[in-house]
Amino acid sequence: MYAKLRIFILLLFLSFFAKSQEIVNSKMPDSLKQKDSITTISEVVIQSSRRNLKLNNGNIVMSISGNKDFKTSTNILEVLRKTPGVTVDQEDGIFIGGRTNPAVFINGKPVVMSSQELQAYLRSLSPEMVESVEVNSNPSSKYDAEFKGIIDIKLKKNTNLGWKGNYIGNVYVNKFNYRENTLNLSYNTKKVAYNLQFGYNNGITAYRYNALQYLANTNVMRTQTYQKDEAAAYNIQAGIDYKLNDKNRFGLSLRGSFRDNNRIRSGSLYTTNKNETQLVFNTESENPTDYAQNNYGITADYSFQYKKFKLTILGNYLSVENKQQDDFINSDKSNSELLSYWKSDLLNKITIYTGQMDASQKIGEGIFEAGIKFSSTNTNNNIRYDTLSINNQFIFDPARSNMFLYKEKIFAGYLAYSHKFDKLQINAGLRFENTESISNAITIDSIVSRDYLKWLPSLSASYMFNTSNELSFSYSRKITRPAFSQLNPFRAYFSPLNYWIGNPYLQPSFTNQLKATYRYKNWVTNFTIGKEIDVMTRYPLYNPETNVLEYLGSNLPYRNFAILEMSLPVKITEWWNVNSQIMGYYNHEFRPYLNEVFALKIYNYEIRLNQTFSLPKGYTLNLYVNYESRTGNSLYIIKPRYTVDFSVQKSWFDNKLNTKISYNNVFDSYEQRLEFRHKQIMDNRFTHWWDTQKFILSVSYNFGSSKYQTKENLKTEEENRTR
């Protein structure tokens, strides 16, 4: 591992050396240095390399289509892994600044999908379909207060009449196989654009969980769990975009998504006395699960634009239904004697209605913006447990069963103003959000009602010194409401004695943060500092009498944080590009736990190295390395980890056919290992492993008579919280 790290540092040094030569060259006399401007010699044109990165009000905007750094990426989800400021974890979860789960926008509007649908959708987009990606880590008050970060994906526009088709197929090969298939069709007339998308994914994925836990003077427990998921997912989406005239446009989108998942989870629990000299019990468990999700969505939007005035109206309806049936079978491993057997039956329904209206008016160099929004969310959750009795009959288990209803209404509005003074751009905004919610845990007879109004300001300023130097500052105040799963007081089992449970009494958290961004040519540095109040988190609680380990939800008093991010792209030769990213993180949380207070200052860093080689005959090779240092929080240590990815790309038939071969996580080194810090309280160590080491075959084929176009999907911040 250390040898690999030394090679990694050497390559990083070469990146800095090459860039320093560029800086020295920029300071040489004009007669000696190489010109960046275009020079024409007869019919030959020589120009500087394409600039693939720029800033928009302090936000990084990365060009994707035609960018060599992303030619070998299988899809946009892999592009995001290599995008400055963005992290994609082993479960394809997306984060900004290592901590914020962002909203994903398509062409300036949020997408209407659950987390699983969103991941499948992003995997259905090839880099050739995407014009750019903008990373906004400090959104202004014009956006929903829940959006502490935004990733805006701009698709390439269709300007031709006629029809266009595209097929994308991906095959993931490891111990098991997983396949993804997407067909996109679009047809354009002078006034109407039609689009249709079909998707079908199926295959098997695997997961392992190992844990060690014990308190002083109690039993020692070792847990091993292996999980295999066989899933099939279908989705269909149809849309129409109708241009009534030059001033008016109307759009309608319908979609359906259906997912079936059969999971087999098997595990063992090996328990000894505190000295590990005597076996207490050795059990094995089986947990087969049948899961199904059905989603339906309708989105209608209207826009009117006349001269410098613009009005947009958006309406959205979303229905999500989840069904899950589990069997929990626990036996003595030595003699296969049945120890316990219980079943669960879960039904979860979520319905969301939203409506919003936004208007803007440009006056001189200033723009006034205003908007209002209303949303209504209803969730109905019912889980029933039945336990096998001594008479071999299943009887209702009230201790585990639960019913939970949640209703939420949000009324919001904002005012914003932006003005440009030559090289200086200033933006200011103020947003209000009034939240009314009622959570009713029927089984435990607990009703929590809330009604609160919050004002959320934002301010930003950016100044461009010249084409090579740019500086910006921004401030925002944000709110994070608990996700529905965090409020739901149901048990989600990792093993028979290990589960997490929701808390209906969780409070929303509020974050104030400042961000500064500086760009020198293609080098970008971000520095963010902030404080979050009423931080939502989970903490472990171990019962030495029952050996049950619960993870409970709670609010921490506060957390201070800081993030430093640097993106350093370097063109070493005509055929070798290196993009280095360095991120440093600081976290200081005030955490009461078991009558004590822990307030540790945690520092960690992450280094990424993305190397692209342009080879003869049109082949492109990519080597991506990512290293994450030791990190954690006041209770847990997270051990270091790294990953290495390798990929090759080649286009055929005048770029109509695009083929890619990838080998991700070459050394199978990206597992997550955690350890409880305070051994005087509890020794708890556990490891999560996902099958991210995989061989990937990808093919994309374009056909038809016009350029690619897709209709954006629309999503509200309430839908983000249904995950």
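Heavy-atom basis, side chains included; hydrogens, waters and symmetry copies ignored.
Every residue meeting the side chain to side chain contact (heavy atoms under 4.5 Å, CB included) condition with R630, not counting sequence neighbours, appears here in chain and number order: I637, P640, R677. The side-chain hydrogen bond (donor to acceptor under 3.5 Å, both in side chains) check on Y475 picks up N512, with sequence neighbours excluded. Taking the side chain to side chain contact (heavy atoms under 4.5 Å, CB included) definition, one finds that K142 meets it with S140, E369, Y414, sequence neighbours left out. For the salt bridge (Lys or Arg N to Asp or Glu O under 4.0 Å) test, residues two or more places apart in sequence or in another chain that qualify with R591 are E589.
V86 is listed as a side-chain neighbour of I94, based on a closest heavy-atom distance under 4.5 Å.
In this structure, a donor-acceptor pair under 3.5 Å is present between the side chains of Y518 and N469. Side chains of T612 and K71: a donor-acceptor N/O pair is absent below 3.5 angstrom, by distance only. For the 3.5 Å distance criterion, the side chains of N138 and S476 qualify, holding a donor opposite an acceptor. Defined by atom type and a distance below 3.5 Å, a donor-acceptor pair is present between the side-chain atoms of E128 and S126. Side-chain contact of D358 with Q356: a donor-acceptor pair under 3.5 Å is present, judged by distance alone. Under the 3.5 Å distance criterion, with hydrogens and angles disregarded, no donor-acceptor pair is assigned to the side chains of K571 and N522.
Judged by distance alone, the side chain of K423 and the main-chain N or O of F465 form a donor-acceptor pair under 3.5 Å.
Evaluation of the ring pair (Phe, Tyr, Trp, His ring centres under 6.0 Å) test over residues 354-374, restricted to residues two or more places apart or in two chains, returns F368-Y417. A salt bridge (Lys or Arg N to Asp or Glu O under 4.0 Å) check over residues 411-420, counting only residues at least two apart or in different chains, returns nothing.
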Is there a side chain to side chain contact (heavy atoms under 4.5 Å, CB included) between T100 and K478? Walk through the geometry before answering. CA-CA 12 Å; T100 299; K478 295 294 181 180; over 6 Å; no
Test log, rule side-chain hydrogen bond (donor to acceptor under 3.5 Å, both in side chains), inputs R608 and T87: CA-CA 11 Å; R608 302 177 190 170; T87 299; 3.0 Å; yes
List the steps, then state whether side chain to side chain contact (heavy atoms under 4.5 Å, CB included) holds for L155 with L125. CA-CA 9 Å; L155 301 174; L125 297 177; 4.1 Å; yes
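Between F411 and F432, the ring planes are tilted. Angles from 30° to 60° get that label.
The pair K154-D152 counts as a salt bridge, with a side-chain nitrogen and a carboxylate oxygen less than 4.0 angstrom apart. Ion pairing between E532 and R559 holds under the 4.0 Å rule for side-chain N and carboxylate O. With salt bridges taken as basic N to acidic carboxylate O contacts below 4.0 Å, one links D144 and K373.
The distance between the ring centers of Y558 and F590 falls below 6.0 angstrom. A ring-centre distance under 6.0 Å is not found for F304 and Y302.
Counting all heavy atoms, side chain and backbone alike, S567 lies closest to P84 at OG-CG, 3.4 Å. Across all their heavy atoms, N577 and T573 have their closest contact at OD1-O, 4.1 Å. F70 approaches P127 most closely through the heavy-atom pair O-CG, 3.6 Å. The two residues P508 and R481 come nearest to each other via the heavy atoms CB-CA, 4.1 Å.
Of the residues listed (N427, T517, N59), the one engaging S460 in a side chain to side chain donor-acceptor pair (under 3.5 Å) is N427, and it is the only one. Test T83, N622, N579 against N610 for side chain to side chain donor-acceptor pair (under 3.5 Å) and you get one pass: N622.
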